[in-house]
**Student:** 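Quick one: the structure is below, questions incoming.
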Amino acid sequence: MPFFKPEYLLPAAAFLCLTAEATAQCPSTQNAAHRPPGTPLLPAVTRIEIENPSAPSKPYPAIPGSPVDRAQTTGGVVGKSSLTLIVTLSSDVASGCELPFSIFDAAGPIVNSVQEQSVAVFPALETFTRPYLTVVANGSNKVKITLPVAIRLGSSRIHRHRLGLSSVYSNQTPETPLPFEFQNNPVRIGSIYRVGTNTGPARAGERVEIAVTTVEPIDPASVYYNIFGGQTVKSNALKVRYGLSPTNLAQFPSLSNGSFAAFAPNFADGSSRLPIIISTPTQANVTLKSPTNLTQIPRVPTRPQLNTRPVAPAANDAPQSVVVSAQLYTESTGEGGETLSLEMPIN
């Protein structure tokens, strides 16, 4: 008795033929010398629309006729940090085929040219790649591409770019890519406050936690955003630039490299927190430059007498407070937006 029954062979052979046929239908990214016979070139992008989350049946146009028709994002914010393009192609593409899209600047060459504006808006993820630009076809001439948008600080900006299919071979450059436009709004700082129920003055040596919030919740995925600039890669993850005034009354024990700390909203209220230590009187006074607070002992030729009246009020007798400031920051954008301050009395 044979191990394989003859009736099993035909379905298996047919399956292999169908698989080969489906694979052959995928557009090739190879140049003409290496392209398998019968495989099509990459199709062209013939239309772009932008998904409208609030009205899925009414997408935004790629180029709006008025501001109300312009798609908007807030890079780095939950539910607003990405832009989904609905792309129509010049031909159907077999299901399962990978389509390599590229984003180009609004103007300028598209072959062998760094797209500086585009790489600053659509970040690389984790390493140096943008895997979201490779899309799997569904058997039709339409696909969706979801593009993460970089965090912006300070003010809104309208971005215009172009989208097309491309490969590593210059003779396989697609037809003229089509433009699309959207507005990216800034992440805004929300509040700064002292954690806990104690509203009285802080004591010397006390550890106090300061909380900072944003107006809208931050997307955890944005911690992996990187931006290319020339030969450098800069993080687009959100941070906070903290400040203390005066600097001799408190310190940030966890900040070893300047005054920047990652924005880590690990608490129920969406806040990122940082401890400060209130300096002891000895620590606070060591930075004083003027000796006028010391009791003066006059030098006289007769028996010395102690003058117990100070020339000026002692520093510890005067009311004191420390001001903690916070402003949002990313390595790729620098500081931006409003600076909030919290004044805290010290006992």
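What you see below is based on every heavy atom in this structure, not just the backbone, and it leaves out hydrogens, waters and symmetry mates. Since we're looking at a predicted model, the values are computed, not measured.
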**Student:** Working to the nearest 0.5 Å, report the span between OG of Ser102 and CZ of Arg162.
**Tutor:**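 Going from OG on Ser102 over to CZ on Arg162, the span is 11.5 Å.
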
**Student:** Would you check if there is a donor-acceptor pair between the side chains of Ser321 and Glu343 at a distance under 3.5 Å?
**Tutor:**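 Short answer, yes.
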
**Student:** Which atoms form the tightest heavy-atom contact between Pro43 and Ser91, and what is the distance?
**Tutor:**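 Answer, listing the atom of Pro43 first, then Ser91: CB-OG, 3.6 Å.
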
**Student:** Say whether Val93 and Leu133 are linked into one hydrophobic cluster, either directly or through other cluster members, by side-chain heavy-atom distances under 4.5 angstrom.
**Tutor:**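 Same cluster.
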
**Student:** At what distance, to the nearest 0.5 angstrom, does CZ of Arg157 lie from NE2 of His159?
**Tutor:**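 The CZ atom of Arg157 sits 6.0 Å away from the NE2 atom of His159.
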
**Student:** Of the options Phe260, Phe252, Phe263, Tyr329, which is the one that meets Tyr242 in a ring-ring contact (aromatic ring centres under 6.0 Å, His included)?
**Tutor:**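 Checked Phe260, Phe252, Phe263, Tyr329 against Tyr242; only one passes ring-ring contact (aromatic ring centres under 6.0 Å, His included): Phe252.
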
**Student:** One pair to check against side chain to side chain contact (heavy atoms under 4.5 Å, CB included): Arg160 and Ile63. What are the steps and the verdict?
**Tutor:** CA-CA 9 Å; Arg160 179 175 285 195; Ile63 302 297; 3.5 Å; yes

**Student:** With sequence neighbours left out, which residue pairs that include part of residues 262-272 fulfil the side chain to side chain donor-acceptor pair (under 3.5 Å) condition?
**Tutor:**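 Listed by first then second residue: Tyr193-Asp269, Asp269-Ser271, Ser271-Arg273.
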
**Student:** Where is the tightest heavy-atom contact between Tyr132 and Thr146, given as atom of each residue plus distance?
**Tutor:**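 For Tyr132 and Thr146, the tightest heavy-atom pair comes out as CB-O, 3.6 Å.
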
**Student:** Looking only at the side chains, is there a donor atom on one of Ser95 and Asn138 sitting less than 3.5 Å from an acceptor on the other?
**Tutor:**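 Short answer, no.
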
**Student:** Are Val45 and Thr88 side-chain neighbours, meaning at least one heavy-atom pair lies under 4.5 Å?
**Tutor:**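 SC-SC contact between Val45 and Thr88 ruled out.
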
**Student:** Rounded to the nearest 0.5 Å, what's the gap from CG on Leu83 to CD1 on Ile145? Could you check?
**Tutor:**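 Rounded to the nearest 0.5 Å, the CG-CD1 separation comes to 10.5 Å.
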
**Student:** Does the side chain of Leu153 reach to within under 4.5 Å of the side chain of Thr330, using non-hydrogen atoms?
**Tutor:**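 The answer is yes; the side chains approach within 4.5 Å.
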
**Student:** For Asn248 and Ser279, which heavy atoms make the closest approach, and how far apart are they?
**Tutor:**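 Heavy atoms only, the tightest pair is O-OG, 3.3 Å.
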
**Student:** With clusters defined by side-chain heavy atoms of hydrophobic residues (ILVMFWY) lying less than 4.5 Å apart, directly or transitively, does Val119 cluster with Ile227?
**Tutor:**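 Ile227 and Val119: separate clusters.
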
**Student:** Give me the atom names and distance for the closest heavy-atom approach of Ser82 to Thr73.
**Tutor:**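 Residues Ser82 and Thr73, closest heavy atoms: O-CG2, 3.6 Å.
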
**Student:** Nearest 0.5 Å, what's the CG-OG distance between Leu89 and Ser140?
**Tutor:**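 So the CG of Leu89 and the OG of Ser140 are separated by 8.0 Å.
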
**Student:** Would a hydrophobic clustering, with Ile, Leu, Val, Met, Phe, Trp and Tyr connected at side-chain separations under 4.5 Å, put Val233 with Val223?
**Tutor:**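 Hydrophobic grouping puts Val233 apart from Val223.
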
**Student:** Just wondering, do Val121 and Phe182 contact through their side chains at under 4.5 Å, heavy atoms?
**Tutor:**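 Contact flag for Phe182/Val121 side chains = yes.
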
**Student:** Using every non-hydrogen atom in the two residues, find where Ala137 and Leu99 come nearest and quote the distance to one decimal.
**Tutor:**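 Looks like CB-CD1, 4.1 Å.
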
**Student:** Does any pair with a residue in residues 147-156 pass side chain to side chain donor-acceptor pair (under 3.5 Å), and if so which ones, sequence neighbours excluded?
**Tutor:**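 Every side chain to side chain donor-acceptor pair (under 3.5 Å) pair that includes a residue of residues 147-156, provided the two are not neighbours, is Ser156-Asn185.
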
**Student:** What I'd like to find out is whether the side chain of Val322 reaches to under 4.5 Å of the side chain of Thr247, using heavy atoms alone.
**Tutor:**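 SC-SC contact between Val322 and Thr247 ruled out.
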
**Student:** Is the closest side-chain heavy-atom distance between Ile278 and Met344 below 4.5 Å?
**Tutor:**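 Result yes, sub-4.5 Å side-chain heavy-atom pair found.
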
**Student:** Return the orientation label for the His161 and Phe122 ring planes: parallel under 30°, perpendicular over 60°, tilted otherwise.
**Tutor:**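 Perpendicular, since the angle between the ring planes exceeds 60°.
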
**Student:** Return yes if some donor-acceptor pair links the side-chain N/O of Asn141 with the main-chain N/O of Ser90 below 3.5 Å, else return no.
**Tutor:**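 Judged by distance alone, no pair lies under 3.5 Å.
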
**Student:** How far does CG of Asn52 sit from OG1 of Thr84, to the nearest 0.5 angstrom?
**Tutor:**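 Answer for the CG-OG1 pair, Asn52 versus Thr84, is 11.0 Å.
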
**Student:** Would you check if the side chain of Glu331 reaches a backbone N or O of Ser235 as a donor-acceptor pair within less than 3.5 Å?
**Tutor:**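 Yes: the side chain of Glu331 pairs with the backbone of Ser235.
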
**Student:** For a salt bridge (charged side-chain N to carboxylate O under 4.0 Å, His left out) check, start with the C-alpha distance between Glu181 and Arg70, then their side-chain angles and the critical distance, and finish with the verdict.
**Tutor:** CA-CA 7 Å; Glu181 180 182 295; Arg70 182 179 292 118; 2.9 Å; yes

**Student:** Any link between Tyr224 and Leu147 through a network of hydrophobic side chains (Ile, Leu, Val, Met, Phe, Trp, Tyr) touching at under 4.5 Å?
**Tutor:**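 No, no single cluster joins them.
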
**Student:** Would you check if Asn226 and Asn236 make a side-chain contact, meaning some heavy-atom pair closer than 4.5 Å?
**Tutor:**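 No; the side chains remain at least 4.5 Å from each other.
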
**Student:** To the nearest 0.5 Å, what is the distance between CG on Asp219 and CD1 on Ile151?
**Tutor:**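 Going from the CG atom of Asp219 to the CD1 atom of Ile151 covers 8.5 Å.
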
**Student:** Can I get a per-line list of side-chain donor-acceptor pairs under 3.5 Å for residues 204-215, giving both atom names and the distance, sequence neighbours left out?
**Tutor:**
{"unit_1": "Glu206", "atom_1": "OE1", "unit_2": "Arg203", "atom_2": "N", "d": "2.8"}
{"unit_1": "Thr213", "atom_1": "OG1", "unit_2": "Ser191", "atom_2": "N", "d": "3.1"}
{"unit_1": "Thr213", "atom_1": "OG1", "unit_2": "Ser191", "atom_2": "OG", "d": "2.6"}
{"unit_1": "Thr214", "atom_1": "OG1", "unit_2": "Glu216", "atom_2": "O", "d": "2.7"}

**Student:** Where the side chain of Gln327 meets the backbone of Gly337, is there a donor-acceptor pair that is under 3.5 Å apart?
**Tutor:**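 Here the side-chain-to-backbone pair exists.
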
**Student:** Is any side-chain heavy atom of Pro100 closer than 4.5 Å to a side-chain heavy atom of Leu165?
**Tutor:**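 A side-chain contact exists here, since the closest heavy-atom pair is under 4.5 Å.
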
**Student:** Less than 4.5 Å apart, any side-chain heavy atom of Ile346 and any of Leu249?
**Tutor:**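 With C-beta onward as the side chain, the pair touches.
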
**Student:** Examine the side chains of Asp69 and Ser66 and answer whether a donor and an acceptor come within less than 3.5 Å of each other.
**Tutor:**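 On atom types as modelled, these side chains qualify, holding a pair under 3.5 Å.
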
**Student:** What pair of heavy atoms forms the shortest contact from Ile103 to Ser118, and how long is it?
**Tutor:**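 Where Ile103 meets Ser118 most closely, the heavy atoms are CG2-OG, 3.7 Å.
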
**Student:** With side chain to side chain contact (heavy atoms under 4.5 Å, CB included) as the test, would you mind laying out the steps for Ile48 and Ile86 before giving the verdict?
**Tutor:** CA-CA 6 Å; Ile48 297 176; Ile86 306 170; over 6 Å; no

**Student:** Please test Glu49 against Arg47 for side chain to side chain contact (heavy atoms under 4.5 Å, CB included), starting from the C-alpha separation and ending with a verdict.
**Tutor:** CA-CA 7 Å; Glu49 296 174 298; Arg47 186 181 183 185; 3.1 Å; yes

**Student:** Applying side chain to side chain contact (heavy atoms under 4.5 Å, CB included), run through Lys144 and Glu51 and close with a yes or a no.
**Tutor:** CA-CA 9 Å; Lys144 287 186 178 183; Glu51 191 171 78; 2.8 Å; yes

**Student:** Check whether Val240 and Leu340 end up in the same hydrophobic cluster, where Ile, Leu, Val, Met, Phe, Trp and Tyr are linked by side-chain heavy atoms less than 4.5 Å apart.
**Tutor:**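 Yes, it is one cluster - the side chains of Val240 and Leu340 are joined through contacts under 4.5 Å.
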
